[in-house]
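In what follows, a single structure is set out as structure tokens and then discussed.
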Amino acid sequence: MSKRTNLLQGTLDLLILRALVGGRMHGLAVSRRIEQMTRGTFQVKPGSLFPALHRMEEAGWLKSLWGESDSNRRAKFYELTKAGRNQLRLETEEWETISVAIAHALQTS
Amino acid sequence: MIPFGVRVAAWLRNLSSRRKVEQDLDDELHSWVDLLAEEKAQTGVTPQEARRAALIELGGLEQVKEEVRSIRVGFALERWCKDVQHALRSLRKAPGSSISAVLALALGIGGSTAVFSVVDAVLLRPLPLADADRLVCVWEENREAGWPQQTPAPANYVDWRTRNVVFTDIGALKGLIFAITGDGSPEQVEGNAITANLFPLLGASPVLGRNIAPEEDQPDAAKVALISHGLWQRRFSGDRSVLGRDLLLDRVPYRVIGVMPPGFAFPDRTDVWVPIAFTARQLAVRDSHYLRVFARLREGVSLADAQRDMARVAAQLAIDYPATNSGLASVTSLKDQMVGNTRLGLWVLLGGVACLLLLTCINVSGLLLARGMSRSREYAVRLSLGASGRQVALHAALEASVLSLAGCAAGWLVAVASLGLLLRLVPPELGGWASPALDVRVAAFSALAGIIATLVAALLPSLAATRVDPAGMLQQGGRADIAGRSKGRVALVVGQLALSLILCVGAGLMIQTFRGLSSIDLGFVPDGVLTARTSLPLSAESPYQEFGRREAFYRQVLAGVRAIPGVVTAGYTTFLPLTNGGGTSYFLIEGQAPPARADENDANIRLITADYLQTIGIRLRAGRYFDNSDGSASMPVAIINYAMAHRYWRGRNPVGTRFRENERGSPWVTIVGLVETVRQNGIEAAGRPEMYFPATQPFAGGPWASPRDLAVRVQGEPLRYAAAVREAVWAVDRHQPVAAVMSLRQLVADELTFRDTLMRLLAAFAAMALLIAAFGLYGLMAYNVSQRTREIGVRVALGALPRQVLMMTLRDGLGMVGLAIVIGLSGAWLLSKLAQGLLYGVQAHDPATYFVAVVVLVGCGLLASLGPSLRAASLDPMTALRLE
């Protein structure tokens, strides 16, 4: 995720929000889930993940709290807020609109 | 996207618990590493391997932290604050040069601010009248008689009113002096009789009461008056019940109907306005010139259009009335009329202070460049650690900004301190209206000057900072970029020296001008003379209407004054020299044909008492002064001045010949004396023809010429006699105001106030410029010597004499001075041409002034270079070579 970061920042937000639909997760779990959801296409590095998580937390879409992982290690967990769920809905709609438009454009030549 | 409120909340949160936030992030990242290591360990690698692999995947703890920090709200602001702190720290590390930079900037910015406030108040702001740029003055013109602007005669004014097509309205006024008596001490004030339409035409309204009504501007109407705000405060304590009260002007009661706004003294220092109330006879007079005429241009009419139309009207009048009209008229804008000569002077001053500002900015730039040079290594390290060139340049710019900000603040103090001196530059006509103050506009200018200072000062250092080559710098002895910076510093020093030269030339020209003006032969001796004005009321109610009473007044006052111990002699005159170019009359010479137009024989009239000419020291060239034998019963006599004799008698000795005033009933007058010419209309205009009549002999021209100015020659300091002279006047008439008590020397000096102030300011600018530039040169030379220590050591070890080393370094310094001379002289050559109108007695390209300025600059340059050169010459080769 180096050259096309601008376009993909919006995508990353969408993926993170989607990943957290299933409940609260810590940072590593989020990137594993994204990897799983996208069948290995996107592997989010910490250099991109953590800035995104913190940004979205400041925006009020995520809430964070310290807890314990499955292996009883201390970790910071993130979960969706109501605003976050709303944002997820908005971004999903937007994504669908965009992808339909682009698909259209690629079909007609 | 993200609502603003949420952003602010997040920012405040980050601000208040910064340490906790940092610690939290640290913990989170470490926990991520632990979890990943745990994950990897499950695939079979050792815990240490797993941990190492996890750390590699993290990619660098600090980098990730920095990424997270950079997206935080308020990050940019935080980074700005850190940068500013860093800049402050580096400034604090070199307190000496930082303080001197701030001082230099304070002088430049503060000086410009102060000068701008005067320029703004006098030149840029419009007069506080409605649509002031549509207002004009209209004059008659009679250049041959010495009147490029002649006060119009009433009949001409009437015809201008009816015949013009370019003015919406046109009004007039005439100047008067009133003695206010009644409740309170007697006071003399300047007054004006105005047409009823004048103030509405100007757009001036009273703050209290109302304007003069047209019915009141009639000869037999009840007498009313408008008073100035100052008079209202002085004499009526600002009491609102002043409306309807009577004011005794020259013993005649006038009903006060209005008070004008504060500062309003139209046209010039006026305290009272009364209706002009022309009689039909007055309106028919075409050969008595005393009005000032003002008009408002019609919509869409330009000044040039008005000029053409008035020329047409004047030409028509010359055909209709050839005996009295010259056929010429001129129209000037009111603002130009009031500002007058000071316009050029103020622009020159602004130019001078702009030079100073530029010079201080360049000086600071050189300072920052020098500091940059000593911090090259620091820059190299920062650049190699990943700082962008822009960040490093920004640091230099920030330093310049902080210095400029401090310079602006300190400059404000300089402006406040110097405003008092600069007030002397305001022309008296604008006195109440143009009050230079340090207000919002001026503050905005100061801020602009500060920004320009920052840009100029930061330009070269920022550029130099970005061009540092890290690899070269970090190696031992990397001097690749020092040469570039040195060239920059040399250019800056040469620039400063050149600007100083320009200012020196300017100051020199002003000094010459002032000296030229001060050494004008005035025709009289101003030292040791006290003057005062006792203008006798001449209204119908006043006893002084009668000639005998006036004559008795002068006789008694002079007797009283002469009795004061220490008084040498005293005399009265109509107008003292320099104070009034008017009061003229036409005359006919016996034995010569009358001129084609009456006003071709025109001379100033002065009625004087016997000792007046001796009192102020006007030299007698032929014949005799007046004496006690010249009384009302004896033969009518006169004394004329050299200008009059030269112009109208052309080489013949006028003493013994006769002339008479071109006035019905005027007797033939015999000339008994010829005296030196004195100047009437200020100090620059040449002296006009002038004729003196004894105050003891009745004057057919009317009481307007009766003496009002008293001159007293004393032993010692004139002002010490002021109280005694006042007493002498009040002993004769205790209701007579005594005004304008000052020494004659002061009267002369006041004429030169503007040029004097200008000269002092330019000289101060030049001195400051030389000082700052010399310091700049010194700094650069000292640096060069320290850089070349090794080279000098080698030279000396190889046999160079100290003298040769001295010459070598001096040559460097003088080389810069030489280049500066070339640039500065060209600049001064071009710019001084623009100031020619200000100069007197000296040409814009006066060689002597330029030569002296060059010598001064070379002298300063020599002094500045001497220190470092001597130090270079006394270097011990052993220590020099050991140093690195």
Side-chain angles (χ1 to χ4, degrees), chain A residues 1-2 5-6 9-10 12-14 16-17 24-36 43-78 81-84 86-88 90-91 94, chain B residues 1-18 20-43 47 50-51 53-76 78:
Chain A
M1 282 206 182
S2 48
T5 337
N6 270 336
Q9 185 195 39
L12 179 58
D13 285 6
L14 178 58
I16 291 177
L17 288 169
R24 71 162 81 125
M25 292 181 200
H26 57 67
L28 186 59
V30 169
S31 50
R32 290 288 172 252
R33 180 104 181 92
I34 291 177
E35 206 180 325
Q36 183 200 33
Q43 287 160 359
V44 191
K45 295 278 174 247
S48 315
L49 177 71
F50 284 109
L53 285 172
H54 281 252
R55 181 168 37 81
M56 290 161 76
E57 185 183 356
E58 276 193 351
W61 303 332
L62 304 180
K63 194 164 53 174
S64 70
L65 50 147
W66 284 92
E68 288 201 347
S69 72
D70 301 332
S71 47
N72 288 331
R73 282 198 190 274
R74 208 166 159 257
K76 195 170 184 192
F77 288 80
Y78 292 89
T81 62
K82 189 146 143 301
N86 200 31
Q87 186 68 17
L88 172 59
L90 283 171
E91 297 229 8
E94 197 179 323
Chain B
M1 268 225 34
I2 303 180
F4 183 68
V6 177
R7 271 195 201 271
V8 172
W11 180 52
L12 287 173
R13 224 183 312 131
N14 289 341
L15 215 56
S16 57
S17 44
R18 181 197 308 263
K20 186 160 153 325
V21 167
E22 282 295 315
Q23 186 60 45
D24 197 86
L25 179 61
D26 193 64
D27 290 344
E28 183 176 3
L29 291 176
H30 278 114
S31 124
W32 187 89
V33 171
D34 291 342
L35 288 169
L36 185 59
E38 194 181 44
E39 219 181 70
K40 289 194 188 292
Q42 282 164 3
T43 61
R51 196 168 179 77
L55 280 170
I56 291 174
E57 261 198 58
L58 180 64
L61 188 64
E62 267 315 309
Q63 268 87 321
V64 177
K65 279 196 190 175
E66 196 59 28
E67 286 286 331
V68 173
R69 280 190 211 120
S70 70
I71 55 97
R72 284 228 184 92
V73 173
F75 174 71
E78 257 183 57

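Order of the sequence lines fixes the chain letters, A, B, ..., with proteins taken first and strands second; residue numbering starts at 1 for each chain.
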Interface moiety of [X] toward chain A, non-hydrogen atoms closer than 4.5 Å:
{"X": "V68(B)", "value": "both"}
{"X": "R72(B)", "value": "both"}
{"X": "E66(B)", "value": "neither"}

Flag yes if more than 12 heavy atoms outside E57(B) fall under 6.0 Å of its CD atom; otherwise flag no.
yes
With a 6.0 Å cut-off (strictly less than), is the heavy-atom count around CZ of R24(A), excluding the residue itself, greater than 12?
no
The criterion is side-chain contact (heavy atoms from CB on, under 4.5 Å); which residues satisfy it with A54(B), sequence neighbours excluded?
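With neighbours one apart ignored, the set is V33(B), L36(B), A37(B).
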Results of side-chain contact (heavy atoms from CB on, under 4.5 Å) for K63(A) - residues two or more places apart only:
E79(A), T81(A)
Looking at E28(B), E67(B), E39(B), which one has more heavy-atom pairs under 4.5 Å with chain A than the rest?
E28(B)
From S71(A) OG over to Q42(B) CD, what is the distance, rounded to the nearest 0.5 angstrom?
7.5 Å
Inter-residue atom distance R55(A).CZ - S70(B).OG, 0.5 Å rounding
10.0 Å
Any salt bridge linking K76(A) with D24(B)? Criterion: basic side-chain nitrogen under 4.0 Å from a carboxylate oxygen.
yes
Write down the atom of P46(A), the atom of W32(B), and the distance for their closest heavy-atom approach.
CG-CH2, 3.7 Å
Give the minimum heavy-atom separation between I71(B) and E58(A), together with the two atoms involved.
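Looking at all heavy atoms of both residues, the closest pair is O-OE1, 4.1 Å.
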With a 4.5 angstrom heavy-atom cut-off, which part of R73(A) approaches chain B: side chain, backbone, both or neither?
side chain
